[in-house]
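Structure record follows, encoded as structure tokens.
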Amino acid sequence: MVGNLLLSSIAVYGALFGLNYALISLGFTLVFGVSRVLNLAYGALYMVTAYMVYLFAVEWRWEILLAALLAIGISVLVGAAVFLLFSRYAPDPMRFLLGTLLTALLLQYLFSYFFQGEVGLVIPGLAPTQSLLVLGVSVSPVFLLSALVSLALLALLWAWIEWRPYGRVIRAAAEDPETASLFGIHPARVYLVVVLVSSAIIGVAAVLLVPAGVVTPTMWVEPFVIAFVVAVVGGLGKYQWTLPAAFLISFSQMAVLYLTPYDISDIVAFVVAIAFIVLRPQGMGGGNHRGL
Amino acid sequence: MSALLEVEGVSKSFGGNHVLSDVSFSLADGTLALVGPNGAGKTTLLNIVAGQLSPDRGAVRFRGARIDRLPPARIVHRGLVKTYQVVRPLRSFTVAQHIELFSRVRGSVDAERILALTGLGPVRDRRAGELSFGDLKRLELAKALAVNPELLLLDEPIGGLSRDEARRILGSLEELKRDGMRMIVVEHRLLETLSFVDQVVALDQGRTIFSGSPARFFADPAVRAAYLGGGHAPRG
Amino acid sequence: MASDPLPSPSLRRLVRAAGHTLRSRLYLATLAVMAAFALLADLLGSPYFTLSLILASLYIALAVAWDFSSGLTGYINFGLPFFFGLGAFSTGYLVYHGLHSIPALLALDFGVGLVGGGLFALPTLRLRGPFFTFLSLLLPLIGTDIVLAFWTTFGLPTIGYYGLPFLAPTLEDSLLLLSGANALFLTGFYLLRESRFGLVLRGIRDDEEVLESQGISSFPYKVAAFTLSNGVVGFAGGAYALTTTFAGVDAFGFLFLLFPILIAILGGTGEILGAALAGYAVILLSQYLYLTMGSLTLLLFAGAAILLVLFLPRGLLGLLRKEAA
């Protein structure tokens, strides 16, 4: 009986966390796949969204749905600003990496300055708070909702890129920006569109997931680490492999958590990423060519 | 006497496109020109010899030992070095620093001699980023000489240069030849190049169509067909 | 580099070359500034000023170490706070296990940095620059988790190690010790920069492929540079713990990345000496500003660092060189 509960815990939490990891990482892998830049300020957008929800919904007592939408809008604006500020240095990856990391730190210090002394900030969520039972395992509706949204967004994004006319433009710009520009496509404009979409996705992730935790100035680290590890395991830029990679990580973590006495989820994720980098640098998605 | 460099049945294709098919030649001494129309596979062959590409089939031997699976740096240690067709200097380095950096790779060389031979003495303390195109071409040669090679692979050493500038480099190459340096040159400008080589290997569409002395080169029917029939005239 | 022959010139020639390098005016001026600050602290006897200079010395050690490996090669190491924290924690661990000799502690911290840096460098420096940078950033991000995991697993003290011994009996002595250590690091890194080793590192930044195609395998040079650099970082971490007499997770903080990078870029990337001079300016200014505007200072310096990366990536010394050229 105990064995069954263990296994269903691994199954349920592995699936839930996997979907949530995918939600957090999707924007990151998408941007890298299309424009080949590693944006270190990605996690900071998660933090920006969370603080904005706190400001609107808690301090200013606005309706939560309105606060959430506005916060996502601000995440998109900040994401676009970072991209426009640094994209011209993308050919010099070192400068781009330095600039975007420093931006993340700047935002960290900004929020810790304006919200100093306020510890343990929490924001209201869109989901009910009563726990549910799934396969005999108690699950927070917060994670269930975000997992469902994750599935929906994965499907929507896939359909957009594979089936819609603009998806073809994105794929062309991703595969060969020079040739694409000969056909009247402006790669820089396509990159901006993708950055806007990815900033919105990480904003949605924050609105859905942060209510389960607290808002702190260092909260950008966790989504960033997750996004990075998922991207490495899936194969940098292979957005189609986001979900399988996220599952591989979440199930490994849950297996270690429930089958050993150690609570070392982050280290498990790090070890999985290192193993892929050393043994299979092209990731699960394979292939070495440019493009989605 | 066994050959210094032997290329034996080398084939290479990129995505089903046969760039080289069963190419063989050898060099015992002196200088060799590798010629052929655009896309004949000359640069690919040179990259295979230098270890920057590995052949699908065939072997490359240097002093009797296989080198075709060695990383480029190891091949240089054996005594074989290649220049780049498109100049690739270390932009923040001065001319003298280029020579200093590479002069310990295979025992010491005389930096002054290299500067004099390439004519770079007057700009020895200029950074590569500030040099003229002609100087950069000479730096490409000086950089290769700094590793004290036994065999020099030159990928279009006079490509893009004016007649006078080309003459200066060819003068350096002739001097090197007199000193006993062995060289393989890939060059489009046949008339200027063939004057100082002992042996010509011509490629067309990845196959060897001629191998022999420069004197016989222009009379050879296969060469004439490849150049004149293919719409490529020898430039010079 | 099995077949790369060792430098053949006699020891005497090497010493003469080193002597020539060390007669550089900028080098001598840098040492003079360091000595002047140590002397000034002694004369003023102001604890805040002396402590600020101690802090400056620690950041200078980090900045010079970072500049030597990352500034010269262009392989940016964001793992600084991790190896810094590693040094701090090993100090705590060793003190709690009965080691109280300050020189032994610092030497072991240097060793821990060397070993940790080497272990990280070996697999990751085979990757292209951006991926190395990315992985190095993960280290400080999960550093806290690693420490917490070890704590829970091995039953170590839960908050951190406190009650550690002081680096030296007085603050002024601590400053003197750290200034001396910095002079040593600075001299070593500067000599290496001016040697053929430094030339190879600079070549890596310019075009690593050219080095390979001309017979120089860059990998051992990169590993050596990053290992050495992280040894100094480990030392600084230990010295930090012995200054605050506490080793906790704050040692993994991004302050220990932000300031060293800001200092190194301001001093001119890859210039080594510039970092030492910029270090005093940046840290003393930040300490002064901290008195008047508190944590707004950090915001200001992060913004300044971004502006530097955008508009002055070669720093002040780099700018001066360009003007002179």
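The chains referred to below are lettered A, B, ... by the order of the sequence lines, with proteins before strands, and numbering in each begins at 1.
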Legend entry - Pairwise distance CZ(Arg88(B)) to CG(Asp207(C)) - rounded to 0.5 angstrom: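 Result: 4.0 Å between the selected atoms.
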
Legend entry - Least distance between heavy atoms, Phe93(B) atom then Leu199(C) atom: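 Shortest heavy-atom contact: CZ-O, 3.1 Å.
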
Legend entry - Whether over 12 other heavy atoms sit under 6.0 Å from Arg69(B) CZ: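 Correct, the count exceeds 12.
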
Legend entry - Short side-chain to backbone donor-acceptor contact, Gln214(C) and Lys143(B), under 3.5 Å: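 Judged by distance alone, yes, a pair lies under 3.5 Å.
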
Legend entry - Contacting region of Ala146(B) [heavy-atom separation from chain C under 4.5 Å]: neither

Inset, instruction - Starting from the C-alpha separation in whole Å, work towards a yes-or-no answer on side-chain contact (heavy atoms from CB on, under 4.5 Å) for Gln52(B) and Ser213(C). - result: CA-CA 8 Å; Gln52(B) 282 161 355; Ser213(C) 72; 3.2 Å; yes

Legend entry - Most contacts with chain B, counted as non-hydrogen pairs under 4.5 angstrom, among Glu212(C), Arg202(C), Glu209(C):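 Heavy-atom pair counts peak at Arg202(C).
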
Legend entry - chain C interface, residue from Gly51(B), Ser92(B), Pro149(B) that has the most non-hydrogen pairs under 4.5 Å: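 Of Gly51(B), Ser92(B), Pro149(B), Ser92(B) has the most heavy-atom pairs under 4.5 Å with chain C.
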
